[in-house]
Amino acid sequence: MSLLRVENLVKSFGGVHAIQDLSFEIPEGVVYSVIGPNGAGKTTLFNLISGVYTPSSGEILLAGENTRGLAPHQLARRGMSRTFQNLQICMNMSAVENVMVGSHLRLDSSFFKAMLRLPSITRGDRACREQAEELMEFAGVGHYIGSEADAMPYGALKRLEIARALASEPKILFLDEPAAGLNGTETAEIDQLIQKVAQSGVTVVLVEHDMKLVMNISQHLLVLDYGKKLAEGSPDQIRCNPDVIAAYLGAA
Amino acid sequence: MSHIKHLLKTPRYGGLLALVLICLLLPLLLQNAYQFDVAIKVGISAVVVVGLNLLIGYTGQISLGHAGFFGLGAYSSAILTVNYEWSALAALLAGSVGVGLIAFVLARPILKLKGHYLAMATLGLGIIISIVIATEDWLTGGPDGMGVGPFMLFDYEIYGEKAWYWVVAALLVLSVWLALNIIDSPVGRALRAVHGSEVAAQVAGIDTTHYKVLVFVFSAVIASVMGSVFAHYSGFVTPTEAGFFHSIELVTMVVLGGMASTYGGILGALILVLLPQLLSGLEDLEMIIFGLILMLTMIFMPKGLLPTVTGRLKGGKA
Ligand SMILES: Nc1ncnc2c1ncn2[C@@H]1O[C@H](COP(=O)(O)OP(=O)(O)OP(=O)(O)O)[C@@H](O)[C@H]1O
Ligand SMILES: [Mg+2]
């Protein structure tokens, strides 16, 4: 059984058909990339899968369970996690606290216990802070452990967001353009980080425009164009696909 | 022992200790009943603001109607003790449970709104409450208000400014302790994440609606409790306590003192309660002056007084 299955997915915004009758499957344990020109519907697809948008029609199955009607926080509990193309960091919090937000669903978060600071809260917080610091080290932003989020440079924030996404210990992680706006060295570091994440057993779904990164890292690719599936296959298959070359790679 | 030392070093308990010391030592400086009265009024507002800051400052959800909850608490105490001869404590508790329920029912539809719409909805809520209080005069005494008896706690009567001072000081310390506990917990991080990026909070597994409702109810209940305290302390309640101007006053305290700064909110309450005392004779201008303070703070000091000052001090040292 595939970890994620999308069947005949459709999403329209008024007259704009952002996703049109899209079906595909993501097996467990791979790095799976979704590519396509600007406006192809990649971010919309992520928003649909993570419950931020409701599909116009079609089904999404996570580990066999239909996710229809589930809110983002409920999907998170089922092992889904993601980052955002337009960086969603809480600038009113410290770097570590941002990552700690990611472990929310594994903590005792009873309002009354928190208000009285009962031992279960203190214990949970201590463990969660330690884990957050480890994740920051893992993501290569360990030297920002004492920083406020708004004091960090953009490249570091991109990785902080990945650390937060990992804090919920997801089965499947969606990364929307993790290398956007980064220079060559930073992109290479992100490449390594994603590989480390994949090696740790997390299924990674990647949207990225950097073709070198995508071809290097993924086992399987899905090419979108105008919300439709243009092609699908291994990096080698995609590289030779004439439709893809015409619509996308050729133009780039 | 080293455990206690460690606790005091953390900003959380260090600040709380300072607050306790200030509350303990302040009576040495206060010279007469009038000054105690001002201190009590600062304290009552400060407690409401500590709760309201959780909603506005930390969670980023505006409310222009919290005086409504304060008024409901005040009138619950007044009506239940005077008309129905309930004990003061029972009336206070009943009022806060009632306000909690009202806030809970209203929170879901109201907090779905964002920005201006949320401001308008809470504004409307506060206005409706104050109008109902002013018009149902068979129950509330109408615009003239109604008298309230003393606060009897079993056989003991809380009597005189000094006794009330200690009650309000204890409530202030308690509310700050609760607020600080909440802020530095998974709940507080969830609230702050709602402010920072609601969608990020959601995909991180946080039921953001649930937390917005919780903090709305919590801040409303605190306002209600302090409304009850105010009613018994002052011995008289009027619809202005629930009115629009009082709501704006509370929001101005949060904004001036410091959004997302618990101690800042207390400072805001201190300044805005003291100001009219210093400007006596200018009552007509009070509203204009408050509006001006709100505007100037937002333009020149968007983080509020305390965070700006501590930020400068830290920046200056580095
Ligand atoms: N909330 C929305 N309301 C209306 N239209 C939308 C919305 N979100 C996306 N769209 C439209 O859907 C289409 C797909 O957009 P989407 O952001 O998914 O593209 P993308 O593949 O992520 O592009 P990019 O590479 O630039 O990030 C676009 O035409 C866009 O304008
Ligand atoms: Mg996109």
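Note that the structure is a prediction, hence the values are computed from the model and not measured. Each chain gets a letter, A, B and so on, in the order its sequence line appears, and its residues count up from 1.
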Measure distances from [X] to the heavy atoms of chain B and classify the residue's part below 4.5 Å as side chain, backbone, both or neither.
X        : answer
A:Val101 : both
A:Asn98  : neither
A:Phe111 : both

Testing B:Leu101, B:Leu72, B:Val221 one by one against B:Ser96 for a side chain to side chain contact (heavy atoms under 4.5 Å, CB included), which residue passes?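 Among B:Leu101, B:Leu72, B:Val221, the one meeting side chain to side chain contact (heavy atoms under 4.5 Å, CB included) with B:Ser96 is B:Val221.
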
Output, in order, the C-alpha distance, side-chain angles, deciding distance and verdict of side chain to side chain contact (heavy atoms under 4.5 Å, CB included) for A:Glu208 and A:Leu175. CA-CA 8 Å; A:Glu208 186 47 64; A:Leu175 301 172; over 6 Å; no

Heavy atoms only, distances under 4.5 angstrom: which of [options] has the most pairs with chain B? Name it, please.
options                              : value
A:Thr122, A:Leu75, A:Leu116          : A:Leu116
A:Met91, A:Arg77, A:Met93            : A:Met93
A:Gln74, A:Met115, A:Glu97, A:Arg164 : A:Met115

Looking at every heavy atom in both B:Gly51 and B:Ile222, which two are closest together, and how far apart are they?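 Where B:Gly51 meets B:Ile222 most closely, the heavy atoms are CA-CD1, 4.1 Å.
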
Which one wins on heavy-atom pair count under 4.5 Å against chain A: [options]?
options                                : answer
B:Leu214, B:Val187, B:Ile206, B:Val215 : B:Ile206
B:Gly60, B:Ala179, B:Pro186, B:Ser185  : B:Pro186
B:Ile183, B:Thr208, B:Val199           : B:Val199

For the CZ atom of A:Phe112 and the CG atom of A:Leu118, what is their distance to the nearest 0.5 Å?
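Output value for this atom pair is 11.5 Å.
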
Separation between CG (B:Leu171) and CD1 (B:Ile44), nearest 0.5 Å, reads 9.0 Å

**Close aromatic pair by centroid cut-off 6.0 Å: A:His73 and B:Tyr211** = no

### Query
Between B:His195 and A:Cys90, is any pair of side-chain heavy atoms under 4.5 Å apart?
no

